Amino acid sequence: DWSSDVCSSDLAFGLWQAVAASIGLPTTGLAEISKTRYAIEAGSNATLAVGRRVGKQRLAIGSGVVEIAVHGGATMIVEGPAEIEVDSDSHAFLMRGTAVVRLLRSPGSFVLDTPSVKIDARGGEFAARVDADLATDVQVYGGSVRSEEHTSELQSRVDIRMPSSA
């Protein structure tokens, strides 16, 4: 009977989501890991695999490089050690480490927050590095990228490097 098959399928999917959530696996994804190079998850020493979904939870990369394809059209290349969280299809938060963000869709927009800076890109490519003191270094490779310092008690340094127009 078709209706019992649907009910069984729904029950199995619900059970899978409950089990996945209980062991810390993302059950929905705003992005997914599209490429890796010697990528190891911090704390567990487990290999970060291509196809892993990334949801609204922190991804801690102990070492190696991970390419994350965000469903909104951005691609992030994150080098470990790093911690990043994808909050939506157009926003992520880099707690520490280095990330290169490339917007594939034109016109596209993406916001990368760090503890000290908000980086708002409207197309193009940029990199951000958050050091141990939570200072952020931003490099713009192309496109329209704006950065502004967060107002907080943190005394942070923000370095911005623009490509030469020669």
Side-chain angles (χ1 to χ4, degrees), residues 9 12-14 16-131 134 136-148 150 158 160-163:
S9 176
F13 182 71
W16 174 84
Q17 283 192 313
V19 170
S22 72
I23 62 172
L25 294 175
T27 57
T28 60
L30 297 165
E32 79 176 39
I33 295 175
S34 54
K35 293 180 185 174
T36 65
R37 181 124 177 125
Y38 309 113
I40 303 295
E41 189 166 12
S44 71
N45 291 329
T47 301
L48 289 165
V50 171
R52 175 177 170 174
R53 291 184 177 174
V54 180
K56 288 187 178 185
Q57 64 189 54
R58 188 172 296 192
L59 178 62
I61 303 162
S63 62
V65 179
V66 173
E67 181 181 89
I68 301 170
V70 182
H71 293 169
T75 298
M76 297 186 295
I77 300 169
V78 185
E79 182 180 2
E83 292 180 52
I84 193 160
E85 184 174 317
V86 179
D87 295 325
S88 75
D89 62 359
S90 62
H91 181 263
F93 191 92
L94 179 66
M95 292 81 165
R96 68 181 178 103
T98 302
V100 175
V101 178
R102 181 179 303 130
L103 281 83
L104 303 176
R105 294 187 191 156
S106 184
S109 66
F110 192 81
V111 174
L112 181 69
D113 273 307
T114 73
S116 57
V117 174
K118 174 183 179 179
I119 306 161
D120 189 356
R122 307 279 180 215
E125 184 176 1
F126 68 92
R129 182 180 58 84
V130 179
D131 66 20
L134 304 181
T136 301
D137 182 34
V138 178
Q139 293 182 317
V140 179
Y141 304 120
S144 174
V145 179
R146 201 176 106 202
S147 96
E148 61 186 59
H150 288 301
V158 180
I160 300 176
R161 295 191 185 107
M162 304 299 275

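Everything quoted here is computed from the prediction, not taken from an experiment.
- Thr136 approaches Val138 most closely through the heavy-atom pair CG2-CG2, 3.9 Å.
- Minimum interatomic distance between Arg52 and Glu41 (heavy atoms only, all atoms of both residues): NH1-OE1, 3.2 Å.
- Comment: Arg122 engages Asp120 in a salt bridge, judged by a side-chain N to carboxylate O separation of less than 4.0 angstrom.
- In this structure, Leu30 CG and Ile68 CD1 are separated by 11.0 Å, a value rounded to the nearest 0.5 Å.
- Phe93 has its side chain within reach of Asp87: a pair of non-hydrogen atoms, C-beta onward, lies under 4.5 Å apart.
- What you find for Val145 and Gly123 is that their closest heavy atoms are CG2-O, 4.5 Å.
- Of all the heavy atoms in Lys35 and Val50, the pair that sits closest is CA-CG2, 4.0 Å.
- Of all the heavy atoms in Ala82 and Gly97, the pair that sits closest is CB-CA, 3.8 Å.
- Judged as a salt bridge (Lys or Arg N to Asp or Glu O under 4.0 Å), and not counting sequence neighbours, the contacts of Glu83 are Arg58, Arg96.
- A donor-acceptor pair under 3.5 Å is absent between the side-chain atoms of Thr36 and the main chain of Ala39, judged by distance alone.
- Between Met95 atom CE and Asp113 atom CG the span is 10.5 Å, to the nearest 0.5 Å.
- Between the side chain of Thr114 and the backbone N or O of Ser116, at least one donor-acceptor pair lies under 3.5 Å.
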* Begin from the C-alpha positions of Glu85 and Gln57 and carry the test side-chain contact (heavy atoms from CB on, under 4.5 Å) through to its verdict. => CA-CA 6 Å; Glu85 184 174 317; Gln57 64 189 54; 5.8 Å; no
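- Between Thr75 and Val101, the closest side-chain pair of non-hydrogen atoms is not below 4.5 Å.
- Checked against salt bridge (Lys or Arg N to Asp or Glu O under 4.0 Å), Glu125 has the following partners two or more places apart in sequence or in another chain: Arg102.
- Ala92 and Met76 make their closest contact through CB-SD, 4.0 Å (heavy atoms, listed as atom of the first residue, atom of the second, distance).
- Screening Ile61, Leu59, Thr98, Val100 for a side chain to side chain contact (heavy atoms under 4.5 Å, CB included) involving Val78 leaves a single residue, Ile61.
- Side-chain contact between Leu48 and Ile33: present, with at least one pair of heavy atoms (C-beta onward) separated by less than 4.5 Å.
- In this structure, CG in Asp89 is found 9.0 Å from CZ in Phe110, a value given to the nearest 0.5 Å.
- The CD1 atom of Ile40 sits 4.0 Å away from the OG1 atom of Thr47 when rounded to the nearest 0.5 Å.
- The side-chain heavy atoms of His91 and Lys118, taken from C-beta on, include no pair separated by under 4.5 Å.
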